Amino acid sequence: MENRKIEKTVFTILITFLLIGSLIYFQNGYFDLLQAKWNFFIIVSVIIIFVHYMYKVHEWDKKCSYSKKLLWIYAFVLIIETIVSDFPVCAFWGTSDWRTGSFFILMCIVICTIIAEWDIDITEIIKKWFVANAGVLVLGLLNVLDFDPLGMISQLSEEDYGLYISTVGNVNWYGAYLAIVFPLAVFLFVESQTGYEFFLYGTVFLLALVNIVICNSDCAVIGFIVTVIAALIFRKYYVNRGKYGLVLLLISSIALVTLHILDRKRVFVIEMGMLQRLMISPIVILIACIVFIYLYVSAGEKTKKIYIIFLIFSFLLVTGIILRFGLLYPLVDTISYYLTFNENWGNGRGEIWAAAIRMFLNFNWKDRLLGTGCDTFSLLIQKYEIGILIDGERVLKNAHCEFLQLLITTGIIGVGLYYYIFGRTVKKCVKTEDGLQRALSVALLSYLVQQLVNNIQAVTTPVSFILLGFLLNSLEKGKK
């Protein structure tokens, strides 16, 4: 029994170290950030694998769950795709300095399955990770206010200034990170059982919300929207928890009003985009009030009538604010921009995606089914002449859409398995009574949605697989 406790403690420390270290570890500022994150993840993962099989070598899990079987099938498919690829070495190690070849993805899968197997206290690991998150988010806020305590931003060129934040890096990677942390903070906060949890999750929620607005990444805003929609879906679990909702509402309102004032004074290094400007408008605060009442007030007949009256009043008030403060045209322009798909959509993503789809349609059936090999996208852009041309060289390394990236590099089979595994696991939590499972499932869903306009990289991709492992672990415990 004593040995078992030691094994559990060692494994918990390693997983916590992997989560925190992947977040804060860097070398040489932003110049070698991806390589540093990759090196850290691989080295610590190898140690975890060694420890796992040292302790578990005599305890092979004969009743492997269906979810873990799917993960191993996905791993097997990736190996086959690498072998049959026209660029097997590149597909294994990766062709760009991002190094997201099949070796990297296989390591993510192995870590995920190992985490799913161990009897660990997931909540305690997340708490420790959240303490580190608070530090990263504070640093992000300082960076946007033009403070550089770690000396990372000062090394950037003028054209890159403002595009890199905290120890996470590029604003879109930072957006992906926020899309994970924000929903976790929201859903764990309303499930708080102790004063420490209330303070920790509330603090991270506030810092994440502020960073979503000021980091100017639409990926982060997507995470915010997914969180609100998920809260509406899970409404029945939070009725009569009004004090938690009220705190979130007050924090949000004060934070957004403060950001509005600071933005008008132009104190931020990064200029906010259209979506971020809308988030600090009075409209969002009013919508937050409506959502708060809907989520946290019981659904009695008398309450329903009051709620309907409040909705009508709120609609008239929002309409009045839009007209009074001249927000109609900015609102229409923003909606029009995001609904009009052309080559310039999403900072050139429209052009990249259209070209990527044409490229896929020119593949033979082997490449359509199995792909060209992980991280081989950059090898294809010269042949199909897509990407940004600089000094005669095409420098595009990713499709800037995880779905298209996986479709091209892992084929229909690979991308189908990937989304089926994540989607199936998240779907199992739709009716769960477990607050931790709800939080993890929303965080994963938020991550997957924003990845439709983002890239696979060594910063947040490992975190998504670790959280998937946590969720599978929790679901397995629930069956016992």
Side-chain angles (χ1 to χ4, degrees), residues 22 32-43 45-46 71 74-112 169-170 172-173 176 349 352-353 355-357 359-360 362-364 366-388 393-419 421-422 447-448 451-465:
S22 296
D32 297 319
L33 186 76
L34 283 176
Q35 295 92 323
K37 302 283 189 188
W38 190 93
N39 290 338
F40 181 88
F41 172 71
I42 296 300
I43 291 171
S45 294
V46 168
L71 282 165
Y74 182 43
F76 177 74
V77 168
L78 290 179
I79 292 170
I80 297 299
E81 289 171 349
T82 303
I83 293 172
V84 302
S85 170
D86 294 335
F87 323 100
V89 176
C90 295
F92 183 71
W93 291 111
T95 56
S96 65
D97 54 1
W98 294 36
R99 290 193 285 181
T100 52
S102 57
F103 172 71
F104 171 75
I105 303 299
L106 288 169
M107 290 296 285
C108 289
I109 293 172
V110 172
I111 291 299
C112 177
N170 178 280
N172 286 326
W173 309 340
R349 281 175 171 79
I352 297 168
W353 295 351
I357 292 170
M359 181 168 65
F360 177 77
N362 285 323
F363 283 175
N364 56 42
K366 187 264 287 183
D367 287 342
R368 287 188 186 183
L369 289 174
L370 297 175
T372 57
C374 292
D375 200 21
T376 56
F377 189 84
S378 60
L379 296 176
L380 304 172
I381 61 173
Q382 301 293 339
K383 178 180 178 181
Y384 292 94
E385 297 184 346
I386 65 174
I388 302 169
E393 181 183 359
R394 297 192 179 273
V395 297
L396 183 66
K397 297 177 181 178
N398 292 279
H400 287 74
C401 169
E402 186 176 63
F403 173 78
L404 285 177
Q405 180 83 8
L406 291 173
L407 179 65
I408 289 170
T409 59
T410 66
I412 295 171
I413 296 174
V415 73
L417 277 170
Y418 176 83
Y419 281 104
I421 291 168
F422 275 88
Y447 173 80
L448 289 173
Q451 278 295 100
L452 294 175
V453 293
N454 216 334
N455 298 317
I456 301 169
Q457 24 66 23
V459 182
T460 58
T461 300
V463 175
S464 69
F465 276 92

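For clarity, every value in this text was computed on a predicted model and none was experimentally measured.
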Below 4.5 Å, heavy atoms only, C-beta onward: do Phe40 and Gln35 meet side chain to side chain? no
Side chains of Asn39 and Arg99, donor plus acceptor under 3.5 Å: yes
Would a 4.5 Å heavy-atom cut-off, applied to side chains only, mark Phe363 and Leu380 as touching? yes
Leu34, Ile456, Thr461 screened by side chain to side chain contact (heavy atoms under 4.5 Å, CB included) with Thr100, the one that passes: Ile456
Nearest 0.5 Å, what's the CD1-CD1 distance between Ile357 and Ile408? 8.5 Å
Treating Gln405 as the side-chain partner and Ala399 as the backbone partner, does any N or O pair qualify as donor plus acceptor under 3.5 Å? yes
From CD1 (Ile105) to CZ (Phe92), nearest 0.5 Å: 12.0 Å
When you compare the side chain of Asp375 with that of Cys90, does any pair of heavy atoms fall below 4.5 Å? no
Between Ile111 and Ser45, what is the shortest heavy-atom contact and its length? CG1-OG, 3.5 Å
Show, in sequence, the C-alpha distance, side-chain angles and deciding distance for Trp173 and Lys37, and conclude whether the side chain to side chain contact (heavy atoms under 4.5 Å, CB included) test is met. CA-CA 12 Å; Trp173 309 340; Lys37 302 283 189 188; over 6 Å; no
Taking all atoms of both residues into account, what is the closest heavy-atom pair of Tyr74 and Gly414, and its distance? CE1-O, 3.4 Å
Short side-chain to backbone donor-acceptor contact, Arg349 and Val453, under 3.5 Å: yes
Taking every heavy atom of Pro462 against every heavy atom of Cys108, the minimum-distance pair comes out as CA-SG, 4.0 Å
From Cys401 atom SG to Ile352 atom CD1, the distance as rounded to the nearest 0.5 Å: 10.5 Å
Going through the distances and angles, do Tyr447 and Phe422 end up as a side chain to side chain contact (heavy atoms under 4.5 Å, CB included)? CA-CA 11 Å; Tyr447 173 80; Phe422 275 88; 5.7 Å; no
Rounded distance (nearest 0.5 Å) linking atom CG of Asn454 with atom CG of Asn170: 8.0 Å
So how far is it from Phe360 CZ to Thr409 OG1, rounded to the nearest 0.5 Å? 11.0 Å
If you define the side chain from C-beta out and look only at heavy atoms, does anything of Asn172 sit under 4.5 Å from Asn455? no
Could you walk me through whether Glu402 and Tyr418 pass side chain to side chain contact (heavy atoms under 4.5 Å, CB included), step by step? CA-CA 11 Å; Glu402 186 176 63; Tyr418 176 83; 3.2 Å; yes
Do Thr410 and Leu370 have side chains that get closer than 4.5 Å, going by heavy atoms? no
Considering only heavy atoms from C-beta outward, does the side chain of Phe465 approach that of Ile109 to under 4.5 Å? yes
State, yes or no, whether a side-chain contact exists between Asn398 and Trp98 at a heavy-atom distance under 4.5 Å. yes
With a 6.0 Å cut-off (strictly less than), is the heavy-atom count around CZ of Phe76, excluding the residue itself, greater than 12? no
Quick check against the 3.5 Å criterion: does Ser85 have a side-chain atom that pairs as donor or acceptor with the backbone of Glu81? no
Could you go step by step and tell me if Cys374 and Phe104 meet the side chain to side chain contact (heavy atoms under 4.5 Å, CB included) rule? CA-CA 9 Å; Cys374 292; Phe104 171 75; over 6 Å; no
Which value, rounded to the nearest 0.5 Å, describes the distance between Tyr419 atom OH and Gln451 atom CD? 7.5 Å
Heavy-atom side-chain contact between Val459 and Ser22 under 4.5 Å: no
For Asp86, check salt bridge (Lys or Arg N to Asp or Glu O under 4.0 Å) against everything at least two apart and list the hits. Lys366
Can Thr82 and Ser102 be counted as having a side-chain donor-acceptor contact under 3.5 angstrom? yes
Name all pairs fulfilling the salt bridge (charged side-chain N to carboxylate O under 4.0 Å, His left out) condition that reach into residues 404-418, sequence neighbours left out, sorted by first residue then second. none
Please identify each residue that fulfils side chain to side chain donor-acceptor pair (under 3.5 Å) with Thr460, with sequence neighbours left out. Gln457
